[in-house]
Amino acid sequence: MPLPMTSFPSASALARIASIAVAALAACASPARPPDVGVEVFAADTTELAFRVIASGGLIVGLRSERYYMQGGRTLRLTTPMALVIRGAGSAVITVSDTSDTSDTSDTSERIVVQPVGVSPDSAERAAVVGRVIRLTRGGSEARVMIELERP
């Protein structure tokens with residue numbers, strides 16, 4: 001019994017398949033996205049805590065959280081836990097807000113914990129900074145953020 005004749009794909013179909021294969025290989029070989037540079041912000045205890053961030057210089061701060069909202073007067077209210085992704089060069093000051101949302105933090109005993117994004121649980125205690133006012137500083141192309149305590 002003779003085998004049935006099969007038809008081969010046309011030249012244009014082969015070219016289309018080859019271009020799809022090349023595109024798939026190029027997508028797999030593209031460089032990975034660089035890791036995020038930033039910090040994670042937590043309350044020192046288990047309660048939710050409000051804070052504000054004031055950025056200066058060319059620093060761009062991105063927010064990763066489910067818990068932030070607009071307050072009267074177009075004020076963005078941030079609450080813990082939250083990750084702040086940092087891009088550009090400059091500095092930012094993270095300040096704990098008391099319940100009345102005044103600029104004076106001397107009355108509150110609440111503290112936040114700030115640590116670099118991606119810190120392993122083994123080294124989190126050594127890398128974290130705890131206080132009421134904390135400054136973040138980043139040079140333009142640095143792959144890290146300096147975290148400094150301004151007010152304990």
Side-chain angles (χ1 to χ4, degrees), residues 13-152:
L14 285 175
R16 205 172 342 161
I17 292 170
S19 65
I20 291 171
V22 168
L25 286 174
C28 292
S30 62
R33 193 178 109 199
D36 287 332
V37 175
V39 295
E40 296 173 332
V41 181
F42 304 96
D45 56 13
T46 57
T47 62
E48 183 177 279
L49 186 61
F51 64 96
R52 60 184 169 269
V53 178
I54 300 173
S56 62
L59 198 70
I60 300 168
V61 180
L63 308 175
R64 287 195 182 153
S65 175
E66 295 178 9
R67 300 179 182 181
Y68 58 93
Y69 55 93
M70 292 300 289
Q71 198 172 11
R74 300 188 62 154
T75 301
L76 183 62
R77 186 84 166 173
L78 309 172
T79 58
T80 57
M82 177 176 283
L84 304 174
V85 179
I86 309 292
R87 288 190 170 64
S91 64
V93 176
I94 303 173
T95 306
V96 174
S97 300
D98 63 7
T99 54
S100 63
D101 198 28
T102 62
S103 60
D104 182 24
T105 58
S106 60
D107 295 341
T108 182
S109 61
E110 304 289 345
R111 287 172 173 53
I112 53 174
V113 178
V114 178
Q115 70 183 29
V117 168
V119 171
S120 69
D122 296 337
S123 60
E125 192 171 314
R126 289 188 308 265
V129 175
V130 180
R132 287 179 277 188
V133 180
I134 297 174
R135 176 176 296 276
L136 310 174
T137 307
R138 180 177 187 233
S141 61
E142 292 180 9
R144 63 187 177 95
V145 176
M146 294 289 292
I147 305 171
E148 302 168 270
L149 178 64
E150 287 203 351
R151 189 176 304 161

Engineer: Can you name the closest pair of heavy atoms from Val53 and Ala92 and give their distance?
Structural biologist: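 So the minimum-distance heavy-atom pair works out to CG1-CB, 4.0 Å.
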Engineer: Of all the heavy-atom pairs spanning Phe42 and Pro81, show the shortest one and how long it is.
Structural biologist: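 That closest heavy-atom pairing would be CD2-CB, 3.9 Å.
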Engineer: Do Asp45 and Thr47 meet the criterion of a side-chain donor-acceptor pair at a distance under 3.5 Å?
Structural biologist: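 Thr47 and Asp45 do have a side-chain donor-acceptor pair below 3.5 Å.
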Engineer: Kindly give the heavy-atom pair with the smallest separation between Val117 and Val39, and that separation in Å.
Structural biologist: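 Between these two residues, the closest heavy atoms are CG2-N, 3.4 Å.
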Engineer: With sequence neighbours left out, what residues match Ser19 under side chain to side chain donor-acceptor pair (under 3.5 Å)?
Structural biologist: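 With sequence neighbours excluded, Ser19 shows a side chain to side chain donor-acceptor pair (under 3.5 Å) to no residue whatsoever.
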Engineer: Please report the interatomic distance OG1(Thr137) to CD(Glu142), rounded to the nearest 0.5 Å.
Structural biologist: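 Going from the OG1 atom of Thr137 to the CD atom of Glu142 covers 9.0 Å.
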Engineer: Is the side chain of Thr80 donor-acceptor paired with the backbone N or O of Leu49 at a distance under 3.5 Å, no angle test?
Structural biologist: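 Present.
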Engineer: Would you indicate whether the side-chain heavy atoms of Asp36 and Arg64 approach each other to under 4.5 Å?
Structural biologist: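 Sidechains of Asp36 and Arg64: in contact.
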Engineer: Looking at residues at least two apart in the chain, or sitting in another chain, which of them share a side-chain contact (heavy atoms from CB on, under 4.5 Å) with Val129?
Structural biologist: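 Partners of Val129 by the side-chain contact (heavy atoms from CB on, under 4.5 Å) criterion, ordered by chain and then number, come out as Ile134, Ile147, Leu149.
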Engineer: Do side-chain atoms of Arg132 reach the backbone of Pro152 as a donor and acceptor pair under 3.5 angstrom?
Structural biologist: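 Pair found, side chain donor or acceptor close to backbone of Pro152.
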Engineer: What's the spacing between Met82 CE and Glu48 CD if we round to 0.5 Å?
Structural biologist: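 Answer rounded to 0.5 Å: 9.5 Å.
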Engineer: Testing the basics here: between Gly131 and Val96, what is the closest heavy-atom pair and its distance to 0.1 Å?
Structural biologist: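 Taking Gly131 first and Val96 second, the nearest heavy atoms are O-CG2, 4.1 Å.
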Engineer: List in chain and number order the residues that pass side chain to side chain donor-acceptor pair (under 3.5 Å) with Arg144, two or more places apart in sequence or in another chain; answer none if no residue qualifies.
Structural biologist: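 By the side chain to side chain donor-acceptor pair (under 3.5 Å) rule, Arg144 matches no residue at all.
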Engineer: Is it the case that over 12 heavy atoms from other parts of the model lie below 6.0 angstrom from the CD atom of Glu125?
Structural biologist: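 No, because the 6.0 Å sphere around CD of Glu125 holds 12 heavy atoms or fewer from other groups.
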Engineer: Using the side chain to side chain contact (heavy atoms under 4.5 Å, CB included) rule, take Leu84 and Leu63 through it: C-alpha gap first, then chi angles, then the decisive distance, then the call.
Structural biologist: CA-CA 5 Å; Leu84 304 174; Leu63 308 175; 3.4 Å; yes
Engineer: For Ile94 and Phe51, work out which heavy atoms get closest and say how close.
Structural biologist: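 Heavy atoms of Ile94 and Phe51 come nearest at CG2-CD1, 3.6 Å.
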Engineer: Please find the pair of heavy atoms, one from Leu59 and one from Gly88, that lie closest to each other, and give the distance.
Structural biologist: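 In this case the closest contact between Leu59 and Gly88 is CD1-O, 3.9 Å.
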Engineer: Between Val61 and Val85, is the side chain to side chain contact (heavy atoms under 4.5 Å, CB included) condition met? List the steps.
Structural biologist: CA-CA 6 Å; Val61 180; Val85 179; over 6 Å; no
